Amino acid sequence: MGLLRASGVWERLVRKAAIFGIISSVIALVLVSPAQAAVAEKTLTLSYTCAGGPFSNTSLSVEIIVPDTGSGTFEVKWKLPALTLRTAPTATTQVKVAGKLLVTGGTHTDLDKTGASVSSGLTTVLAAQVTSTVAVTATTGQQVTVKGATEQGSLKLSLANATTDATTCTTTTAQSVTVTVGQGGGGGTQEDVVTYSCTTGTESSPQTVEIKVTLTMPTTAPKAGEQFTIGWAGVYETGSELEAPSTGLQTGNKIFANVSITGITGLTSATGSADLTAATDGNPITLPTRIDIRATANTAGTATIKPAAVNIGTSATSPTIKCEPQNATTLKTYTLTVGSGTGSSPSATPTPSKTPTPTPTPKPSSSKSSRNSTTPKAGVDTGGGGMAGPDGRLFVLVGSVLITAAGVGGLLMRRRPAARFKL
C-alpha cells in the first residue's frame, strides 16, 4: 500500500511538471517573438558636475543611448534625471537642454531641445528624454565612436522662458560607445529636410511643410528575390508642421511614406504605411516614430534611395492629403547593395520512388512519410533567433528540461501496473 501511495504522489508530481514545462515553453515563445523583439542599443553613462543657473543639482548622471548599428543618420537619446529648481517658476514652462558630444566616424548635431515640463509653483522636475542626431561618415562595416565632450559647459540646462540663466555642467568621463555602420550612407552635405507642398481636397491653397527625414537601410545586404525593409522616420521642423484640414483628420486614416529607388532594373519606388491619430482643424498631424517600407529587388545591383512623396488617407490609391517634395534634387541619398542570388526557397526535391520488395508478410515502415514543403517567396519570419537574449533562451531551456523530465516520468508510470501486479 505504501508503494501505491508513493506512486500516486509521483503521478501528481509528474503531471505538475508536465503542465509547468508546457507553460514555460509557451512563455518562452512569447518572449522571443518578433513583435516583442527590441532594437539593440548601447548605453554610455556620463557623470557631470554642475554649477550656477536655475537648477540646484551639483552633479548629474546622464545616460547616452545609441543604436547598436546605424547608417545614414541615427538618433542619440539623452536620458536626463530628475532635477530641482532653486526657485519655483511663476508660469508653466519647459527645461531647455543644450549638449555636445565628441564623435568620430560621424558628425553630431549639437543638442538644442526642450525637454521635461516645469509646473508653476513647483521646484521638482521629472526625469525626461531628449534626442540629438549623428550623421554617419564612416563606411559600411566601420564604427562610429561617441563620447562626452569634456569642454566646459558641454551640457547646459535652463528654462525655456529664461534661456540666458543656465546651469553649466562639465564631464570628465572618458568612456565611449560605438555604433557599427550598416548598409546605407548619407549623400555628403545634401539636405535631409524635405520641403513638401501638401494639398487637400478641401483647402484652396497648399501648405508648405518641412520634415527632417531619416532613412535606415538594412544592416546586411539582401539578395535578389529577398524582401528588405527600409525604415522611414520623420520629424517636423518647428513652425512647418502639417496641419489637419478644416474637416479635421478622422480616426482610420494612414500615412503612406514613399521612397524613390534608382539603379536597379524594375524597382523604382516603394511605399510603407502607419496608422495616424485623429486631429482637429488646424492642429498638427502627429507623425509616427517609424514607418517600415518593404520591397523586393528581382535583380542585383546598387540602388540610390531618397525620400519621395508622403500621402494621407484611408488607402494608398485615394489619399485625401498629398505631399510632394519640392527640393527632390538636393535631398540626401542613401545606397543599398543587392547581391546576386535569389531569396526564394529552392523547389522541393521529389522523393525518389522505391522498388517494392515482395515479402511474405508486409510490415509497416517505422519511418515517417516525408512531406515536401515550400517556403513563401518573401521568406518566413522564424522569430528572435540569436537576438532572443539570455532571458528568452533560459525559458526555452527550463521548459525543455521540464518537458523531458515529465516524459521520463510518464514512461516510468507505464511500468506501475506491473509493479502493482507483483504486489
Side-chain angles (χ1 to χ4, degrees), residues 41-67 73-103 106-135 145-177 193 210-212 214 233-241 283-284 286-287 289:
E41 294 180 325
K42 295 179 179 178
T43 301
L44 169 66
T45 302
L46 299 179
S47 299
Y48 287 91
T49 300
C50 306
F55 297 96
S56 61
N57 305 77
T58 57
S59 62
L60 294 176
S61 179
V62 178
E63 291 185 351
I64 305 297
I65 302 173
V66 298
T73 303
F74 64 81
E75 189 176 71
V76 179
K77 302 174 185 177
W78 301 61
K79 295 188 70 172
L80 300 172
L83 302 171
T84 304
L85 287 162
R86 300 181 192 275
T87 305
T90 58
T92 299
T93 182
Q94 287 180 285
V95 177
K96 184 69 178 294
V97 187
K100 297 178 180 291
L101 293 173
L102 292 178
V103 177
T107 303
H108 178 247
T109 301
D110 289 345
L111 174 64
D112 187 17
K113 296 283 184 67
T114 52
S117 296
V118 180
S119 301
S120 173
L122 297 179
T123 58
T124 55
V125 180
L126 297 178
Q129 178 177 289
V130 289
T131 59
S132 60
T133 57
V134 170
T145 302
V146 180
K147 62 185 302 184
T150 55
E151 65 185 75
Q152 183 72 23
S154 58
L155 177 66
K156 293 182 179 180
L157 306 172
S158 60
L159 297 178
N161 59 357
T163 56
T164 54
D165 183 23
T167 298
T168 301
C169 303
T170 305
T171 184
T172 57
T173 303
Q175 285 77 16
S176 62
V177 66
V193 176
E210 293 183 338
I211 302 177
K212 185 174 184 178
T214 300
V235 179
Y236 289 124
E237 292 290 283
T238 303
S240 299
E241 296 86 355
N283 286 314
T286 302
L287 296 175
T289 56

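Please read all numbers here as calculations on a predicted model, not as lab measurements.
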Do you know which two heavy atoms are closest between S132 and T109, and how far apart they sit?
CB-O, 3.7 Å
Minimum heavy-atom separation for P54 and S158, please, with both atom names.
CG-CA, 4.2 Å
Rounded to the nearest 0.5 Å, what's the gap from OH on Y48 to OG1 on T170? Could you check?
9.0 Å
For a side-chain contact (heavy atoms from CB on, under 4.5 Å) check, start with the C-alpha distance between T171 and L155, then their side-chain angles and the critical distance, and finish with the verdict.
CA-CA 8 Å; T171 184; L155 177 66; over 6 Å; no
Taking the side chain as everything from C-beta on, heavy atoms only, tell me whether I64 gets closer than 4.5 Å to W78.
yes
Counting neighbours of CG on L102 that are heavy atoms of other residues, nucleotides or ligands and sit closer than 6.0 Å, is the number greater than 12?
yes
Nearest 0.5 Å please: distance from the OG1 atom of T286 over to the OH atom of Y236.
7.0 Å
Is there a side-chain contact between L159 and F55 (heavy atoms, below 4.5 Å)?
yes
Sequence neighbours excluded, which residues qualify as side chain to side chain contact (heavy atoms under 4.5 Å, CB included) partners of T43?
T45, E63, I65
Among V125, L60, N57, whose side chain to side chain contact (heavy atoms under 4.5 Å, CB included) with L157 holds?
L60
Here the side-chain hydrogen bond (donor to acceptor under 3.5 Å, both in side chains) pairs for residues 80-101, sequence neighbours left out, are K96-D112, K100-D110
Please report the closest heavy-atom contact between P89 and L122, naming both atoms and the distance.
CD-O, 3.2 Å
Considering all heavy atoms, the nearest C50-T167 contact:
CB-CG2, 3.9 Å
At what distance, to the nearest 0.5 angstrom, does SG of C169 lie from CG of L80?
9.5 Å
To the nearest 0.5 Å, tell me how far S119 OG sits from L85 CG.
10.0 Å
Can you give me the closest heavy-atom contact between A149 and S154, atom names plus distance?
O-OG, 2.9 Å
Do V95 and V118 have side-chain heavy atoms sitting under 4.5 Å apart?
yes
Separation between CD of E75 and OG1 of T133, rounded to the nearest 0.5 Å
8.5 Å
Nearest heavy-atom pair of T238 and E241: which atoms, and what distance?
CA-OE2, 3.9 Å
What distance do K42 atom NZ and L44 atom CG have between them, rounded to the nearest 0.5 Å?
11.5 Å
Ignoring hydrogens and geometry, is there a side-chain-to-backbone donor-acceptor pair from T168 to G153 under 3.5 Å?
no
